[in-house]
Amino acid sequence: MSRFFSSRYASLTPYTPGEQPKDMQYVKLNTNESPFPPSPGVSRAVAEQCGKLQLYSDPESTVLRVKLAEVYGVKPEQVIVTNGSDEVLNFAFMAFAENLIFPDITYGFYPVFAQLNNIPYEEIPLEEDFSIDPKDYVNQNKTIVIANPNAPTGLCLNLSDIEQIVASNSDNVVIIDEAYVDFGGESAVALVDKYDNLLVTMTFSKSRSMAGARLGFGIGSKALIADLNTIRYSTNPYNVNRMTEFAGAAALSENDYYMANCHTIMENRTWTTEQLQKLGFKVLPSKANFVFAKSPRISGEGLYLELKKRGILVRHFTKERIKDYNRITIGTKEQMEILISAITEILKEQAL
Ligand code: PMP
């Protein structure tokens, strides 16, 4: 820390992104990216916008918001687009949170954004089986953020539980982070016209193969979105660059391709879960593009390190409650076969 760093941030612990080592070509199963490339229209849209980079992007991202509104059955005024969904989450914390609650095991950026914005927060322990008990969030009178499906567990709440939480906290915003919803979850977007305190956030980083483009969005009431725009126009009105805006719009025109890919990922998830179970792993039932799994025969860190040696990256967290587990992104069938062979070999070596 330099002597110039503001004392406001002296105790801030920044988020740690998944590693991207460059020493060899890894099978990358550590950051929940899609293994499939973007659809052909995306490359064409990016190429076209490249020739116009001397011009600022549209601060309203109108083309993209209109498309998103169409796909999600809402009005364009109910949509904000951002530089990844991390940005809409940060904006929402800035705009709406006085006191925050979220689960103890969830997306690691929530406490960071809370600290960054000086928002007091409380972490509510997940149940023993890592599920969220919706009762813990009913009538809380605080801003709530829940990832649904949750990360890194992959577990889901159903829509009636979400509705109960939203309805019972009508004086506070409830943020439902649906980064992984396209892999089998139920979206709360269906409830945004009924509850003016519900904000749903989503991303193009997972189901739509555009993590590198940085594109996220939020859907809520017109008034919530207007507040988020006040924050956005006070931070960076050109938060979504023109290549990304048009890449996103092109992806939505080819939505069937992405939804078919999600289907493949879900099939590969079932296969991977079965294979891991055959190898003795405990695997949480996931509705996301990853599984959270632990072996009784090797520590979480041990498996992570052995896989890395063999060119396979998975995500290991050191937090006490989950340190025996690894979060494994679901990739192509070939990638999952490589993973399972490597784990089989590692476990055999352990037994020697
Ligand atoms: N929410 C959750 C639960 C996530 O796991 C992630 C990805 N790390 C994000 C939001 C943010 O993703 P992005 O900024 O790429 O949209």
Side-chain angles (χ1 to χ4, degrees), residues 14-20 28-34 38 61 64 68 79-93 100 102-114 116 123 126 130 132 144-157 162 174-185 187-189 199-219 228 232 235-236 239-241 244-245 247-248 251-252 258 262 265 284 286-292 313-317 319 322 325-330:
Y15 178 72
T16 315
E19 62 187 322
Q20 299 185 2
K28 211 171 162 299
L29 306 176
N30 66 331
T31 46
N32 301 339
E33 292 143 320
S34 173
S61 294
L64 176 57
L68 279 167
V79 182
I80 181 171
V81 295
T82 53
N83 195 307
S85 59
D86 283 337
E87 190 177 55
V88 68
L89 290 166
N90 189 31
F91 287 171
F93 282 24
L100 256 170
F102 46 81
D104 63 337
I105 308 294
T106 190
Y107 184 33
F109 232 131
Y110 302 156
V112 179
F113 285 143
L116 180 70
E123 296 177 313
L126 294 179
F130 293 119
I132 290 175
I144 294 169
V145 56
I146 293 178
N148 196 42
N150 196 13
T153 63
L155 301 181
C156 236
L157 284 175
I162 297 286
V174 176
I175 304 163
I176 304 298
D177 174 351
E178 296 189 352
Y180 300 103
V181 75
D182 292 329
F183 302 98
S187 178
V189 166
L199 179 73
V200 180
T201 65
M202 294 194 203
T203 180
F204 280 67
S205 297
K206 319 291 175 185
S207 55
R208 293 197 177 94
S209 302
M210 281 176 47
R214 310 305 301 125
L215 183 59
F217 55 103
I219 298 181
L228 291 170
R232 189 173 67 86
T235 312
N236 181 9
N239 60 330
V240 173
N241 72 71
T244 294
E245 181 193 350
L252 293 174
Y258 297 99
C262 289
I265 295 289
L284 301 193
S286 170
K287 296 268 189 199
N289 66 339
F290 55 83
V291 289
F292 202 48
L313 293 177
V314 298
R315 187 91 197 242
H316 177 253
F317 300 91
K319 211 170 184 171
I322 52 172
Y325 285 78
N326 279 290
R327 192 195 66 192
I328 304 169
T329 302
I330 303 296

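Just so it is clear, the structure is predicted and the values come from calculations on it, not from any experiment. Both ligands and their constituent atoms are indexed starting at 1 by order of listing.
Short contacts between ligand 1 and Gly84, defined as distances under 4.0 Å to a heavy atom of the residue, involve ligand atoms 14 (O), 16 (O).
Looking at ligand 1, you won't find any N or O of Tyr110 less than 3.5 Å from one of its N or O atoms.
Within 6.0 Å of NZ on Lys28 lie more than 12 heavy atoms contributed by other residues, nucleotides or ligands.
The protein heavy-atom contact nearest to atom 3 (C) of ligand 1 is Asp177 OD2, 3.4 Å. Nearest non-hydrogen protein atom to atom 8 (N) of ligand 1 is Tyr107 OH, 3.3 Å. Taking atom 7 (C) of ligand 1 as the reference point, the nearest protein heavy-atom neighbour is Lys206 NZ, 3.1 Å. Of all protein heavy atoms, the one closest to atom 15 (O) of ligand 1 is Ser205 OG, 2.6 Å. Nearest protein heavy-atom contact of atom 14 (O) of ligand 1 is Arg214 NH2, 2.8 Å. The closest protein non-hydrogen atom to atom 5 (O) of ligand 1 is Tyr180 OH, 2.7 Å. Regarding atom 11 (C) of ligand 1, its nearest protein heavy-atom neighbour is Asp86 OD1, 3.1 Å. In terms of protein heavy-atom proximity, atom 12 (O) of ligand 1 is nearest to Ser85 OG, 3.5 Å.
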Worksheet item: After noting the C-alpha distance and the side-chain angles of Phe183 and Phe290, does the key distance pass the ring pair (Phe, Tyr, Trp, His ring centres under 6.0 Å) rule?
Response: CA-CA 10 Å; Phe183 302 98; Phe290 55 83; 8.7 Å; no
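Checked against the 6.0 Å centroid criterion, the rings of Tyr107 and Phe102 do not qualify as a close aromatic pair.
Side-chain contact between Leu228 and Leu199 is present, with at least one heavy-atom pair separated by less than 4.5 Å. Residues Ile132 and Leu155 form no side-chain contact, since every pair of their non-hydrogen atoms from C-beta on lies 4.5 Å or further apart. Under the 4.5 Å side-chain criterion, counting only non-hydrogen atoms from C-beta, Glu19 is in contact with Asn30.
Defined by atom type and a distance below 3.5 Å, a donor-acceptor pair is missing between the side-chain atoms of Asn239 and Thr82.
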